[in-house]
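Since the structure comes first, as structure tokens, the remarks are kept for the end.
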Amino acid sequence: MSDTLYPNPTKALADKRRSLAPDAEAAFRAFSEVVFRDGALPGKTKQLIAVAVAHVTQCPYCIKGHTKAAKRAGASPEEIMEAIWVAAEMRAGGAYAHSSLALATLEELEAAHLHKGSAGA
């Protein structure tokens, strides 16, 4: 049994993934290269976005890889941490916003309970 939940990425694992689905793997690599190229957004900004998204999706490989890529693209530790804080706020904001579903459900249950109570009277 491994000491960690996630295995360390190795060349052997990458080769295995590639051998099992070479066309999909090649397409994914090509897509990634295009996505992270400088465009309307500079590569550094794209890597900071990727760091934030990796924290929301909680992918440890993405967190490590995009943190390294952001640093190589010129991002400072402060910029990287701010991107992570943006992700944390957005994740928490989602829970806060979705509380409206729970509140509406509670209102529906209360209305149904009151309706049942008046129907029996």
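In this chain, numbering begins with 1 at the start of the sequence shown.
Counting only heavy atoms from C-beta outward, the side chains of Y6 and C59 never approach each other to under 4.5 Å.
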Could you go through the side chain to side chain contact (heavy atoms under 4.5 Å, CB included) check for E89 and V86 one step at a time? CA-CA 5 Å; E89 193 282 335; V86 169; 5.8 Å; no
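Put simply, CE on M90 and OH on Y96 are 14.0 Å apart, with the number rounded to the nearest 0.5 Å. The NZ atom of K11 sits 11.5 Å away from the CG atom of L13 when rounded to the nearest 0.5 Å. In this structure, CD in E78 is found 14.5 Å from CH2 in W85, a value given to the nearest 0.5 Å. The OG atom of S19 sits 10.0 Å away from the CD atom of E25 when rounded to the nearest 0.5 Å.
Taken together through direct or relayed side-chain contacts under 4.5 Å among Ile, Leu, Val, Met, Phe, Trp and Tyr, I80 and I49 form parts of separate hydrophobic clusters.
Among all heavy-atom pairs drawn from A52 and A83, the shortest one is CB-O, 3.4 Å.
Environment of OH in Y61: crowded, with over 12 heavy atoms of neighbouring residues, nucleotides or ligands closer than 6.0 Å. When the shell of 6.0 Å around CZ of R29 is examined, it contains 12 or fewer heavy atoms from other residues, nucleotides or ligands.
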Give every donor-acceptor pair under 3.5 Å between a side-chain atom in residues 33-44 and any protein atom, sequence neighbours left out.
| residue | atom | partner | partner atom | Å |
| --- | --- | --- | --- | --- |
| D38 | OD1 | G43 | N | 2.4 |
| K44 | NZ | E79 | OE1 | 3.1 |
| K44 | NZ | E79 | OE2 | 2.9 |

Side-chain donor/acceptor pairs under 3.5 Å, residues 100-114, sequence neighbours excluded:
| residue | atom | partner | partner atom | Å |
| --- | --- | --- | --- | --- |
| S100 | OG | A97 | O | 3.0 |
| T105 | OG1 | L101 | O | 2.8 |

Extract all donor-acceptor atom pairs below 3.5 Å that involve side chains of residues 63-73 and protein atoms in other chains or at least two apart in sequence.
| residue | atom | partner | partner atom | Å |
| --- | --- | --- | --- | --- |
| H66 | ND1 | Q47 | OE1 | 2.7 |
| T67 | OG1 | I63 | O | 2.6 |

